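None of these values were measured; they are calculated from a predicted model.
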Amino acid sequence: MLLVGRVSMCATRRELPTGDIVSGVRIVVERDPESLHGRTARIDAIDCVAWSEQWHDEMRRWELGDVVEVVGALRRRFRRTEAGTVSRYEVEVQRARLICATADGARPPAESRNVDGQDGGARQVV
């Protein structure tokens, strides 16, 4: 799948119990206005994860509001919680690139970098 959207949560990096490193970002994609049919949700927030060091480095450079392109596979992940088994969907990154940095190089302060849905103007291609 190909996604083009705005970064709404900057890259996180974590080490799993297996020792593997995974990086993740969240991008916001705008829904096609012709498909809304009266629905109020106009965007989707998509979590994207990378297992390759190459993509960890690329995603780490992205800032809130940057327009990026991610190519990958849609995956459904399961985990156990106290409430039972839960699942979520995410895109496993196979390729990624910065399309357009935040306008004028303006970067929001670090404490406001993890917000969803404040930027439109991106698109989703599946």
Side-chain angles (χ1 to χ4, degrees):
M1 98 175 357
L2 167 69
L3 295 173
V4 176
R6 295 192 184 274
V7 175
S8 68
M9 184 181 79
C10 292
T12 60
R13 184 180 170 116
R14 63 189 164 106
E15 185 173 346
L16 302 177
T18 61
D20 292 327
I21 304 292
V22 63
S23 292
V25 298
R26 183 170 297 137
I27 63 172
V28 171
V29 295
E30 188 174 306
R31 292 183 180 183
D32 179 0
E34 293 181 16
S35 71
L36 295 177
H37 306 294
R39 293 186 217 138
T40 58
R42 301 196 182 287
I43 61 166
D44 290 296
I46 311 290
D47 290 327
C48 301
V49 297
W51 298 90
S52 165
E53 187 66 36
Q54 175 185 4
W55 306 124
H56 296 188
D57 293 342
E58 174 66 23
M59 292 167 30
R60 203 174 10 251
R61 288 190 286 270
W62 298 347
E63 296 285 344
L64 183 69
D66 288 351
V67 177
V68 299
E69 176 184 275
V70 173
V71 175
L74 184 63
R75 302 283 186 227
R76 187 173 182 192
R77 307 278 187 215
F78 294 88
R79 63 185 171 98
R80 291 190 175 95
T81 68
E82 291 180 11
T85 302
V86 296
S87 70
R88 60 186 281 166
Y89 286 97
E90 60 193 17
V91 173
E92 188 173 303
V93 176
Q94 296 167 344
R95 288 193 326 261
R97 70 183 179 104
L98 175 68
I99 293 177
C100 181
T102 303
D104 302 324
R107 301 290 189 201
E111 61 272 7
S112 67
R113 290 171 38 157
N114 294 331
V115 295
D116 287 334
Q118 67 183 17
D119 293 309
R123 63 186 166 89
Q124 174 180 352
V125 182
V126 179

Which heavy atom in [X] sits nearest to a heavy atom in [Y], and how many Å separate them?
{"X": "R77", "Y": "V49", "value": "NH2-CG2, 4.4 Å"}
{"X": "I27", "Y": "V68", "value": "CG2-CG2, 3.7 Å"}
{"X": "L3", "Y": "C48", "value": "CD1-SG, 4.5 Å"}
{"X": "V7", "Y": "E63", "value": "CB-O, 3.5 Å"}
{"X": "A50", "Y": "H56", "value": "O-NE2, 3.0 Å"}
{"X": "V70", "Y": "V93", "value": "CG1-CG2, 3.8 Å"}

If you round to the nearest 0.5 Å, how far is [atom2] of [Y] from [atom1] of [X]?
{"X": "Q94", "Y": "M1", "atom1": "CD", "atom2": "CE", "value": "10.5 Å"}
{"X": "E15", "Y": "I21", "atom1": "CD", "atom2": "CD1", "value": "4.0 Å"}
{"X": "M59", "Y": "L98", "atom1": "CE", "atom2": "CG", "value": "13.0 Å"}

- Task: Output yes when a side-chain donor or acceptor of R6 lies under 3.5 Å from a complementary backbone atom of G65, and no otherwise.
- Result: yes
Which residues satisfy the side-chain hydrogen bond (donor to acceptor under 3.5 Å, both in side chains) test with [X], sequence neighbours excluded?
{"X": "R42", "answer": "none"}
{"X": "R76", "answer": "S87"}
{"X": "E58", "answer": "R61, W62"}
{"X": "R60", "answer": "D57"}

- Item | Residues in salt bridge (charged side-chain N to carboxylate O under 4.0 Å, His left out) contact with R88, at least two apart in sequence or another chain | D47
- Hits for salt bridge (charged side-chain N to carboxylate O under 4.0 Å, His left out) against R13, two or more places apart or cross-chain, chain-then-number order -> E53
- Hey, is OH on Y89 packed in by over 12 heavy atoms from elsewhere, all under 6.0 Å? no
- With the 4.5 Å side-chain cut-off for hydrophobic clustering, are I46 and V22 part of the same group? no
- Can you check whether W55 reaches V25 side chain to side chain, under 4.5 Å on heavy atoms? no
